[in-house]
Number of protein chains: 2
Amino acid sequence: MAEAKKSDSASHASASDMETYKVDQQIGFFLRQANQRHVAIFSAQMGDRLTTTQWAALTKLREIQPTSQNQLGRDTAMDVATIKGVVDRLVKRGYVSTAPDPQDGRRLVLSLTGEGEAAIARNLLTAVAVTEETLSPLTSGERMMLIELLRKIC
Amino acid sequence: MAEAKKSDSASHASASDMETYKVDQQIGFFLRQANQRHVAIFSAQMGDRLTTTQWAALTKLREIQPTSQNQLGRDTAMDVATIKGVVDRLVKRGYVSTAPDPQDGRRLVLSLTGEGEAAIARNLLTAVAVTEETLSPLTSGERMMLIELLRKIC
DNA sequence: TGATATTCATTCGTATACAAACAATATGTG
DNA sequence: CACATATTGTTTGTATACGAATGAATATCA
């Protein structure tokens with residue numbers, strides 16, 4: 001089945017295929033757009049110029065601190081290069097502090113600062129409101145269904 | 001209701017709120033991850049080093065050509081600055097050609113080149129396979145449901 | 001006509017996102 | 001111990017993504 005798809009992919013599309021295919025009806029297009037709308041809502045409501053990824057890193061770090069930079073990246077679904085940039089900006093703001101790991105010379109141990117804790121506390125209810133507004137077009141049942149379906153394709 | 005949320009957001013979160021909130025269970029986290037997985041599938045399968053946005057621009061341009069750069073951006077949900085970068089790269093590859101609009105001196109009229117048409121034809125069945133693989137964890141009913149729910153929150 | 005507003009494209013700055021290559025450090029196996 | 005392997009963090013390069021500012025061309029309307 002997957003193999004049949006693969007060999008099909010290697011062949012040339014017919015003119016009728018070209019007419020039929022619509023990008024804006026593909027799942028990828030919807031995923032990108034839905035994410036865009038969420039990020040827009042987040043940016044509009046959240047204070048302190050926090051981005052979605054910075055917020056994810058901050059709140060996840062609060063859960064698992066102290067931890068290494070790469071581990072935080074794994075837990076927030078960020079590439080090593082991406083998490084480094086995010087952490088650097090959070091450090092520059094004074095929300096996160098770094099220290100070398102005495103046990104492992106490779107590791108950079110991350111912790112929240114008081115400022116970081118305060119930033120979370122200050123914005124937590126807004127973050128909840130952002131989730132609420134993003135899901136506002138849906139009923140309670142639809143919200144659970146959407147999250148369940150997204151979980152399956154992650 | 002929205003007003004109540006707003007004023008709540010202005011207040012400070014309690015320690016219990018901090019314990020309860022989990023980023024990785026918010027809709028934004030799922031949307032970002034689902035999109036990530038889709039992009040990864042796309043990159044792995046699609047040839048010609050085409051990106052998801054380049055593919056969206058190419059195929060949408062095929063539908064509506066000739067059109068202006070900003071119009072193509074609107075139809076593919078891209079910012080003016082974003083669509084410019086995408087178009088520039090497609091032009092550099094020879095997939096898209098640009099010409100000034102005789103009727104409107106502001107406009108840059110875009111068209112697909114033969115190379116662009118060929119690139120679409122060459123990758124169309126793969127694009128279909130990418131959609132299929134992204135949705136592969138879902139049943140047919142779940143797929144329709146997911147797309148419907150995403151459409152509602154876009 | 002002429003002032004105002006709108007649209008289009010460009011540019012700058014900041015922030016993800018990831019592949020690839022690299023050095024330093026750990027770990028496990030012989 | 002020695003060596004192969006894996007992990008951690010860094011850097012570079014490319015590609016979105018978008019706010020904001022700018023300037024040119026066009027549209028609108030009093």
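Letters A, B, ... mirror the listed sequences (proteins, then strands); counts begin at 1.
A salt bridge links E132(A) to R143(A): one of the charged nitrogens lies within less than 4.0 Å of a carboxylate oxygen.
If you check every strand for non-hydrogen atoms under 4.0 Å, Q103(A) touches sugar and phosphate atoms only. No contact: T52(B) has no heavy atom under 4.0 Å from any strand. If you check every strand for non-hydrogen atoms under 4.0 Å, R74(B) touches sugar and phosphate atoms only.
Closest-nucleotide positions on DNA chain D for Q71(A) and A40(A) were compared, and the one nearer the 5' end corresponds to Q71(A).
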task: Show your working on side-chain hydrogen bond (donor to acceptor under 3.5 Å, both in side chains) between T131(A) and Q26(B) and close with a plain yes or no.
output: CA-CA 7 Å; T131(A) 292; Q26(B) 307 301 311; 2.7 Å; yes
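A heavy atom lying under 4.0 Å from DNA chain C marks the following residues of residues 78-95 of chain B, by number: V80(B), A81(B), K84(B).
The only option from V109(B), L112(B), L72(B) that meets the side chain to side chain contact (heavy atoms under 4.5 Å, CB included) definition with Q65(B) turns out to be L112(B).
The phosphate of dT16(D) has OP1 or OP2 within less than 4.0 Å of a side-chain N or O from T51(B). Residue R106(B) places none of its side-chain N or O atoms closer than 4.0 Å to OP1 or OP2 of dT7(C). For the OP1/OP2 pair of dT10(D) and a distance below 4.0 Å, the side-chain nitrogens and oxygens of Q69(A) include at least one atom meeting the criterion.
With dA15(D), dA17(D), dA9(C) as the choices, the nucleotide that has an atom nearest any side-chain atom of R32(A) turns out to be dA17(D).
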